[in-house]
Amino acid sequence: MDEAAIQATRTDSNTSTAPAASPVSRTVSRTVGLICNPNSGRNQQQLAAIEAAIGQCANIVYVPTASEDDIPAAITRFAQANIDVLAINGGDGTVAHVLTHLLRSRAFETLPGLVLLPGGTTNMNVGDVGIPGKIQDAIHKLIRWSQGELPDLETRSRPILQIQPGDSGQPLYGMIFGTGAIIQAIEYWHASVKQKGFRNEFSSGLALLRTVWGLIRRDPRFARPLPLDIRFSDASGNARHIQQENMMMFVSCMPRVFLGFTPFWGTGDGALRMTIVRDRAERFLCTLPAFLRGRPNRRLTVAAGYESHNVNSLTIAMTGAYTLDGEILHIQQQQGPLQIRHYCDMPFLRF
C-alpha cells in the first residue's frame, strides 16, 4: 500500500469519527480473507466445525495462523486474491498482530474492511466493533454475507494506534495501550483466572476486581508505582509534561474497554482517549464507580490524581512493561521513549 493510500485513510484531528451505516445489497457477493488462530479460546473446541462450514464456501479464502510468524504470508495471499474484507477469528492479541503486519506490509492499494469474530480467549475489541455472540453463528453470518444473502452491513470507523517503541524499534499497531496496574491484572488473569477455565470477558472482570482489591490494600503484587514521563498537548493545544509515579495509564481508540466500562472523560477533538491515575490517588475506592463510567465529579479531579484527555499523539519515557491489546511487551528508558499516535482510521464491519 503506497503512502497516498495511507494518507487517504488518515483522519484529520478535527474530523469526527462517528460510526456510519453502510447498507449492502443482497445481490452483491464479496471475497473474504479469513485468518483463524487455532490456539485461541473458543476455536480450540470448535475448529473442526468452523473449517467444515467455510470449506463449502468458495467466497472465503481461509488461512490458519498458529503463530504470529504465519501472518505475513497470509496477508500476501489475501492481497493476491484481491479480497474485499479481512475477517479475524482470534482474540485481541491476534487482532493486534494482524493490524501490525497489515499496516507494515503495505500489501493492499486500498485497505480492506475488517470483521472481528468472537473466537478468542479475550475479545474486548469484538465488544465494540466486532460480531458478538457464538463463534459458529458469526461464521455462518459471514458465509451468508459473502454470498450476498445478508443486507444492511454496518461500518464503524475506529482510529488505530501506532506505537513506536524507542528510537529503533519496529512500529506496532493496535487499539488499546496500557501500563501500570493493568499489567498486574493481565498477569493475574493468566496465572489464576485463565488456569481455572474462565476465558471470556467476564473473566477479565474477575481479574479487575482482584486487582482493585490489591491496589486498595497496597498489596505489593498489584500496587507497584510506575514512574512515567509523559508529554502531550491538551485540548487547548497547550504542551503538557507529567512526570510522576502512576498507578495506571491507558490509551484507547475505543469508547469502551470491557464489560461496558468507559473510563474516559477528556474533551477536545483528539482521536485517542488517554486516562492517567497517579499512585495513591485520593479516595480510590469511592471514586472507582465514576471512574469506570467516565463521569467526573468533585473527587475525580486532576488535583486528586485523576486526569483524562483526548489526544492525537504523546510520548512516554519509561522502564518496564506495557500492553498492546493484551500482549505484554517491555522497554528500557535508554532505548528512547514510546511514541504513540493516531495513525489511520480502519473500517470495521458488523452484521
Side-chain angles (χ1 to χ4, degrees), residues 124 127-128 176-189 191-193 201-236 238-268 270 272-311 314 316-323 326 328 340:
M124 288 186 290
D128 181 55
I176 301 178
F177 164 92
T179 191
I182 297 167
I183 301 299
Q184 283 76 68
I186 294 172
E187 291 175 341
Y188 176 79
W189 181 85
S192 301
V193 179
E201 193 173 38
F202 177 72
S203 71
S204 301
L206 293 177
L208 172 66
L209 289 174
R210 181 62 184 90
T211 302
V212 168
W213 180 240
L215 291 171
I216 293 169
R217 297 179 62 232
R218 302 299 297 178
D219 184 332
R221 292 174 296 174
F222 297 93
R224 305 178 195 172
L226 179 66
L228 297 177
D229 187 313
I230 307 165
R231 298 175 186 268
F232 65 96
S233 294
D234 62 20
S236 300
N238 300 315
R240 292 286 309 278
H241 182 199
I242 300 174
Q243 191 173 26
Q244 63 186 23
E245 291 193 334
N246 293 276
M247 179 189 296
M248 69 182 77
M249 173 186 182
F250 39 89
V251 182
S252 176
C253 62
M254 299 186 296
R256 72 185 290 278
V257 282
F258 60 90
L259 296 175
F261 294 144
T262 56
F264 308 104
W265 59 95
T267 60
L272 308 180
R273 297 167 170 85
M274 176 182 71
T275 295
I276 306 166
V277 182
R278 189 182 66 221
D279 185 49
R280 298 184 182 273
E282 297 175 12
R283 303 175 71 92
F284 179 62
L285 180 59
C286 296
T287 305
L288 188 62
F291 170 79
L292 292 175
R293 292 180 295 168
R295 297 181 180 178
N297 55 27
R298 59 189 177 85
R299 296 192 182 101
L300 198 64
T301 64
V302 174
Y306 308 89
E307 55 186 301
S308 188
H309 303 273
N310 295 343
V311 301
L314 66 148
I316 307 171
M318 62 174 285
T319 292
Y322 64 95
T323 177
I328 295 180
I340 305 176

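Hydrogens, waters and symmetry mates play no part in the numbers below; they use all other heavy atoms, side chains included.
Under the side-chain hydrogen bond (donor to acceptor under 3.5 Å, both in side chains) criterion, R280 pairs with no residue at all, not counting sequence neighbours. For S252, the side-chain contact (heavy atoms from CB on, under 4.5 Å) partners two or more places apart in sequence, or in a different chain, are I176, M254, F264. For F284, there are no ring-ring contact (aromatic ring centres under 6.0 Å, His included) partners two or more places apart in sequence or in a different chain. T323 is linked by a side-chain hydrogen bond (donor to acceptor under 3.5 Å, both in side chains) to nothing, counting only residues two or more places apart in sequence or in another chain. R217 pairs by the side-chain hydrogen bond (donor to acceptor under 3.5 Å, both in side chains) definition with nothing, not counting sequence neighbours. Residues forming a side-chain hydrogen bond (donor to acceptor under 3.5 Å, both in side chains) with D234 (at least two apart in sequence, or on another chain): none. With sequence neighbours left out, the side-chain contact (heavy atoms from CB on, under 4.5 Å) criterion links S233 to no other residue. With sequence neighbours excluded, no residue forms a ring-ring contact (aromatic ring centres under 6.0 Å, His included) with Y306. With sequence neighbours excluded, the residues forming a side-chain contact (heavy atoms from CB on, under 4.5 Å) with P225 are R218, E245, D279, listed by chain and number. Partners of T262 by side-chain contact (heavy atoms from CB on, under 4.5 Å), not counting sequence neighbours, listed by chain and number: R256.
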*Any chance you could lay out the side-chain contact (heavy atoms from CB on, under 4.5 Å) test for R224 and I183, step after step, and finish with the verdict?*
CA-CA 10 Å; R224 305 178 195 172; I183 301 299; over 6 Å; no

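Residues A281 and G305 approach most closely at CB-O, 4.1 Å, considering heavy atoms. Closest heavy-atom contact between A223 and G214: CB-O, 4.5 Å.
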Under 3.5 Å, side-chain donor or acceptor atoms of residues 286-298 against the rest of the protein: list the pairs with distances, not counting sequence neighbours.
from: T287; atom 1: OG1; to: R283; atom 2: O; distance (Å): 2.7
from: R293; atom 1: NE; to: P289; atom 2: O; distance (Å): 3.2
from: N297; atom 1: OD1; to: R299; atom 2: N; distance (Å): 2.9
from: N297; atom 1: OD1; to: L300; atom 2: N; distance (Å): 2.9

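If you take CZ on F250 and OG on S308, they are separated by 8.0 Å, rounding to the nearest 0.5 Å. How far CD1 of I242 is from CE of M249: 7.5 Å, rounded to the nearest 0.5 Å. Interatomic distance, F177 CZ to L272 CG, rounded to the nearest 0.5 Å: 11.5 Å. Of the inter-residue distances, the one linking M274 atom CE with I230 atom CD1 reads 6.5 Å to the nearest 0.5 angstrom. The structure places CH2 of W265 at 11.5 Å from CG of N310, a figure rounded to the nearest 0.5 Å. Going from atom OG1 of T211 over to atom CZ of F222 covers 5.0 Å, rounded to the nearest 0.5 Å.
The side-chain hydrogen bond (donor to acceptor under 3.5 Å, both in side chains) pairs that include a residue from residues 177-187 number zero, where partners must be two or more places apart or lie in different chains.
Between L215 and M248, some side-chain heavy-atom pair lies under the 4.5 Å cut-off.
Side-chain atoms of N246 come within 3.5 Å of backbone atoms of Q244 as a donor-acceptor pair (strictly under, hydrogens ignored).
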